[in-house]
Undergrad: 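Mind having a look at this structure? Questions to follow.
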Amino acid sequence: MSEKSVKRYTVTAALPYVNGPKHIGHLAGAYIPSDVYARYLRLMGKDVVFICGSDEHGTAIPNQALKEGTTSKAIIDKYDALIRDCFHKLGMSFDIYHRTSEPIHHQTSQEIFLNLYNKGLFTEETSEQYFDEEANVFLADRYIVGTCPTCGHTNAYGDQCEKCGSTLSPRELINPRSTLSDKPPILKPTKHWYLPLENYEPWLREWILKSHQQDWKPNVYGQCKSWIEEGLQPRAMTRDLDWGIKVPLPDADGKVLYVWFDAPIGYISATRALFDEVHSGNLKFATPQRKFENVGKEDWKKYWQDEDTRLIHFIGKDNIVFHCIIFPVMLKATGEFIVPDNVPANEFMNLEDDKMSTSRGWSIEMHEYLEDFPDKPDVLRYALLTNLPEAKDSEFTWKDFQAKNNNELVAIFGNFVNRAVVLTQKYFEGRVPVQKDLSDLDKKALADLKDFPVKIAASIEAFRFREATANFIDLARTGNKYLAETEPWKLAKTDLDRVGTILNVSLQIAASLSIVGEPFLPFTSRKLKDLLGVSDLSWQQAGNADVLKAGTLLTEAPLLFEKIEDAVIEAQVKKLFDKKRTMELESQPANPAKAEVTFDEFSKMDIRIGKILKAERVEKSKKLLKLEVDTGIDKRTVMSGIAEHFSPEEVIGKQVTILVNLAPRKIMGVESQGMILMAEDKDGALKLVAPASDVTAGAGVR
RNA sequence: GGCGCGGUAGCUCAGGUGGUUAGAGCGUUGGAUUCAUAACCCAAAGGUCGGGGGUUCAACUCCCCCCCGCGCUACCA
């Protein structure tokens with residue numbers, strides 16, 4: 001909430017990464033709130049652009065292509081089309097949904113990179129990276145697999161072990177091998193360009209910690225503070241990869257921009273493309289949601305460079321560091337761009353008691369929902385809106401989805417509209433009756449009506465979308481209450497004028513519902529406007545007592561919503577569990593065999609059965625136990641990363657298998673003399689490996 | 001382990017800068033009603049505000065410690 005005068009708004013929604021479908025958690029995190037915000041601003045008559053698009057670079061795209069046995073281009077085309085279609089069907093009102101694979105984005109990204117390069121803002125650094133000699137390429141983290149040092153999983157990726165979730169760097173992997181050739185990679189020096197984030201720390205402190213302490217959400221502010229206080233590091237802005245945007249420098253063959261460098265620039269290139277397309281009249285990606293008049297090709301600059309533009313990024317909590325630290329530093333460093341006014345990041349939405357995850361099959365993907373409920377985009381929007389993870393992780397359940405539909409959309413909103421319309425048809429042949437003398441109840445209802453748009457607007461502007469949605473449904477409640485109090489059906493025989501006034505007031509409420517409900521339920525709003533015979537109205541008209549003109553003919557009343565039966569909900573829950581089970585079975589093949597070894601090589605390993613004599617926790621370590629083991633030869637100290645699986649008490653006295661001639665190594669200041677062997681279960685659980693019955697300590701294993 | 005965000009009625013969640021009987025929706029129970037998709041409307045029951053200290057005339061709200069959930073980060077031969 002800066003004090004600058006706001007002339008226009010640039011609203012962005014996180015660019016979905018197109019390595020797969022996106023689920024309803026993504027909708028709740030960024031897309032639904034951003035759409036409500038953008039629609040609201042348009043209704044207010046504000047100058048706004050709403051920007052989104054597909055994020056199509058990075059190592060995970062080629063990786064997914066490999067998995068699906070196809071090309072990177074095919075992957076991005078497939079998922080871009082899928083996600084684009086889902087967003088459209090869910091009513092996402094982007095002015096443009098662009099793609100980072102488009103030439104104009106490559107151009108914009110390279111321009112910004114060169115801008116920083118020419119200012120001398122990058123540092124160049126050469127480091128040793130894994131290189132596949134056979135394929136003749138540097139290996140991105142994801143293309144290197146090896147044994148996870150944490151859990152022993154033999155197929156951990158170079159950036160992360162999917163089994164235990166540890167964040168890794170490729171150098172940590174044991175027995176690394178290239179996924180391209182299945183050969184061990186070699187280390188080879190390579191040069192990269194780094195953005196020294198630490199140079200911007202004073203500015204970040206001033207900009208975020210001081211000037212946005214009040215208006216940024218606690219979760220966002222806290223996360224930024226955490227990053228800044230931990231000490232910022234130089235961050236590589238380039239990668240060795242053949243999929244992405246070429247580094248626009250002469251000595252940079254085989255190097256591309258880091259996906260997190262180019263992705264947020266996608267917002268800018270999309271805006272640029274929007275004005276390009278509207279200017280030329282040749283709309284390819286642009287879907288302008290309002291009149292853009294007398295548009296110049298360079299008008300995009302106003303939305304990114306003028307100080308009187310308010311820039312808002314809607315994202316999920318996983319993107320905070322990029323949108324609050326790295327991208328703003330990039331923008332600031334150019335000296336030409338504005339930085340975000342606010343980044344209202346949401347937390348995560350859980351599903352039926354567990355984290356949502358596409359890869360684990362525990363998710364409701366957008367396209368899955370739309371296949372099963374093609375005529376109910378608004379019901380999903382509403383169910384998500386009433387339970388957005390605004391301050392903490394929230395929970396989506398199918399039962400709650402059903403309840404929100406049946407008890408609120410059907411019973412309160414739909415029912416109110418239906419009551420007003422049916423009564424009007426019954427007593428006034430479907431024409432809006434005249435408003436005559438107002439009773440106290442009428443005046444009270446109209447006064448309440450007047451307040452709602454103000455309250456709802458305040459909530460939306462403060463990014464409190466749940467509250468805004470609750471206020472909206474409360475307006476329908478007010479309508480029901482008004483009908484219950486005035487009981488027009490009882491007066492029909494005695495005082496038709498009075499009935500007319502009551503129904504006029506009721507229909508005015510319905511008309512306002514169609515206006516203020518538009519950001520939340522755009523499809524229903526359209527239906528309701530058609531039913532009432534009103535055209536598109538501005539937010540300012542909402543709350544007025546004369547939105548509907550007397551005499552207007554209402555159309556036959558279609559029901560706005562229908563009940564969802566228990567069987568439908570039960571089927572969805574079953575489908576969810578079935579999907580998870582299928583994915584589990586599919587994604588858990590036994591690890592492939594390692595490279596062949598000779599008997600001599602194997603014989604070098606001195607593996608024995610030992611007995612654990614002592615075990616204690618290691619101070620300041622979550623995963624380590626310090627063990628004293630009787631190896632039969634001696635008693636020695638072994639550090640073992642099993643503290644999350646065993647308590648010290650339960651391992652004391654146990655026989656274990658130990659590699660005794662492993663070179664000693666200091667861990668947490670203690671010398672570890674050997675390694676305890678573990679069996680790792682499919683779920684990552686560790687088990688001690690011991691003989692079926694006790695043997696003498698020191699017995700060899702061969 | 002360090003840092004950040006959370007831990008409020010059966011459920012999902014609100015509760016700026018501390019101040020009368022702690023709120024909403026759903027669910028439950030009772031009542032009223034029939035225009036409406038057995039919907040609506042009214043009312044009630046239901047909480048030692050994670051636990052323990054402290055500051056204060058007064059704390060859900062401020063400070064300290066502990067426990068639990070989530071996230072980032074480190075150790076992991």
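Note that the structure is a prediction, hence the values are computed from the model and not measured. Proteins come first, then strands; the chains are lettered A, B, ... in the order of their sequence lines, and each starts at number 1.
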Undergrad: Rounded to the nearest angstrom, tell me the gap between atom CG in A:N350 and atom P in B:C70.
TA: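 A:N350 atom CG is separated from B:C70 atom P by 9 Å.
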Undergrad: In whole Å, what separates the C1' atom of B:C49 from that of B:C62?
TA: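 16 Å, rounded to whole Å.
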Undergrad: Could you give the distance separating B:A9 and B:C65 at their P atoms, to the nearest angstrom?
TA: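 Looking at atom P only, B:C65 and B:A9 are 25 Å apart.
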Undergrad: Could you write out RNA chain B as a dot-bracket string, with dots for unpaired bases, | for bases paired across to another strand, and Watson-Crick or G-U pairs counted at under 3.5 Å?
TA: (((((((..((((.....[...)))).((((.........)))).....(((((..]....))))))))))))....
Undergrad: Using the P atom as the reference point in each nucleotide, state the distance between B:U61 and B:G52 in Å, no decimals.
TA: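 The answer is 12 Å between these two P atoms.
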Undergrad: Would you indicate what A:T386 reaches in the nucleic acid, counting non-hydrogen atoms under 4.0 angstrom: base, sugar-phosphate, or nothing?
TA: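 No contact at all - A:T386 keeps every heavy atom at 4.0 Å or more from the nucleic acid.
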Undergrad: Do the two ring centres, one from A:Y382 and one from A:F520, sit under 6.0 Å apart?
TA: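 No, ring centres 6.0 Å or more apart.
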Undergrad: Heavy-atom count check: over 12 atoms from other residues, nucleotides or ligands less than 6.0 Å from A:D353 CG?
TA: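 No - once you tally the heavy atoms of other residues, nucleotides and ligands closer than 6.0 Å, there are 12 at most.
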Undergrad: Roughly how far apart, to the nearest Å, are B:C5 and B:C42 at atom C1'?
TA: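 So the two C1' atoms sit 40 Å from each other.
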Undergrad: Centroid-to-centroid, A:Y194 to A:Y258, below 6.0 Å?
TA: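 No, they do not, as the ring centres are separated by 6.0 Å or more.
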Undergrad: Closest to the A:S226 side chain: B:G4, B:C13, B:C26?
TA: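 It is B:G4.
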Undergrad: Do A:K217 and A:F463 meet the cation-pi criteria used here (NZ or CZ under 6.0 Å from the six-membered ring centre, within 45° of the axis)?
TA: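 No, A:K217 and A:F463 do not form such a contact.
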Undergrad: Which residues pass the side-chain contact (heavy atoms from CB on, under 4.5 Å) test with A:V422, not counting sequence neighbours?
TA: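 For A:V422, the residues satisfying side-chain contact (heavy atoms from CB on, under 4.5 Å) (neighbours in sequence not counted) are A:N418.
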Undergrad: Below 4.0 angstrom from OP1 or OP2 of B:A14, is there any side-chain N or O of A:K392?
TA: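 For B:A14, OP1/OP2 do have a side-chain N/O of A:K392 under 4.0 Å.
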Undergrad: Name the nucleic acid region contacted by A:R477, choosing base, sugar-phosphate or nothing; use a 4.0 angstrom heavy-atom cut-off, strictly under.
TA: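 Sugar-phosphate, backbone atoms only, no base.
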Undergrad: Measure from the side-chain N and O atoms of A:Q673 to the backbone N and O of A:T637, and report whether any donor-acceptor pair falls under 3.5 Å.
TA: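 Yes: the side chain of A:Q673 pairs with the backbone of A:T637.
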Undergrad: Does either side chain, that of A:N504 or that of A:T501, offer a donor lying less than 3.5 Å from an acceptor on the other one?
TA: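 On atom types as modelled, these side chains do not qualify, holding no pair under 3.5 Å.
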Undergrad: When you compare B:G50 with B:C70, how far apart are their C1' atoms, in angstrom units rounded to a whole number?
TA: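 Result for the C1' pair: 16 Å, nearest Å.
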Undergrad: What does A:E485 touch in the nucleic acid at a heavy-atom separation under 4.0 angstrom: a base, only the sugar-phosphate, or nothing?
TA: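 If one applies the 4.0 Å heavy-atom cut-off, A:E485 turns out to touch nothing in the nucleic acid.
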Undergrad: Between B:U12, B:C70, B:A14, which nucleotide gets closest to the side-chain atoms of A:D393?
TA: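 Between B:U12, B:C70, B:A14, the one nearest the side chain of A:D393 would be B:C70.
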Undergrad: What's A:E230 touching, base or sugar-phosphate or nothing? Going by heavy atoms closer than 4.0 Å.
TA: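 If one applies the 4.0 Å heavy-atom cut-off, A:E230 turns out to touch a base.
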Undergrad: A quick test of your reading: do over 12 heavy atoms of other residues, nucleotides or ligands sit less than 6.0 Å from NZ of A:K455?
TA: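 Yes, NZ of A:K455 has more than 12 neighbouring heavy atoms, counting only those of other groups under 6.0 Å.
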Undergrad: Do nucleotides 32-38 of chain B as a string where each nucleotide becomes B, S or -: B if the base has a protein heavy atom under 4.0 Å, S if just the sugar-phosphate does, - if no protein is that close.
TA: --SBBB-
Undergrad: Could you tell me if A:R419 and A:S506 have a donor-acceptor pair between their side chains, going purely by distance under 3.5 Å?
TA: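 No.
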Undergrad: Could you give the distance separating B:A22 and B:G15 at their C1' atoms, to the nearest angstrom?
TA: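 Per the computed distance, 8 Å lies between those C1' atoms.
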Undergrad: Specify the residue among A:T478 and A:G674 whose closest nucleotide of RNA chain B lies further upstream toward the 5′ end.
TA: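 Nearest-nucleotide comparison on RNA chain B picks A:T478.
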Undergrad: Would you indicate, yes or no, if B:C42 has its OP1 or OP2 atom less than 4.0 angstrom from a side-chain nitrogen or oxygen of A:K481?
TA: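 It does, given that an N or O in the side chain of A:K481 lies less than 4.0 Å from OP1 or OP2 of B:C42.
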Undergrad: Side chain of A:Q572, backbone of A:I364: donor and acceptor closer than 3.5 Å?
TA: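 Judged by distance alone, no pair lies under 3.5 Å.
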Undergrad: Can you tell me the distance, in whole Å, between the CG atom of A:L388 and the C1' atom of B:A14?
TA: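 The distance from CG of A:L388 to C1' of B:A14 comes to 14 Å, rounded to the nearest Å.
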Undergrad: Categorize A:A470 for me: base, sugar-phosphate, or nothing, with a 4.0 angstrom heavy-atom threshold over every strand shown.
TA: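 Nothing: the residue A:A470, judged by heavy atoms under 4.0 Å, touches no strand.
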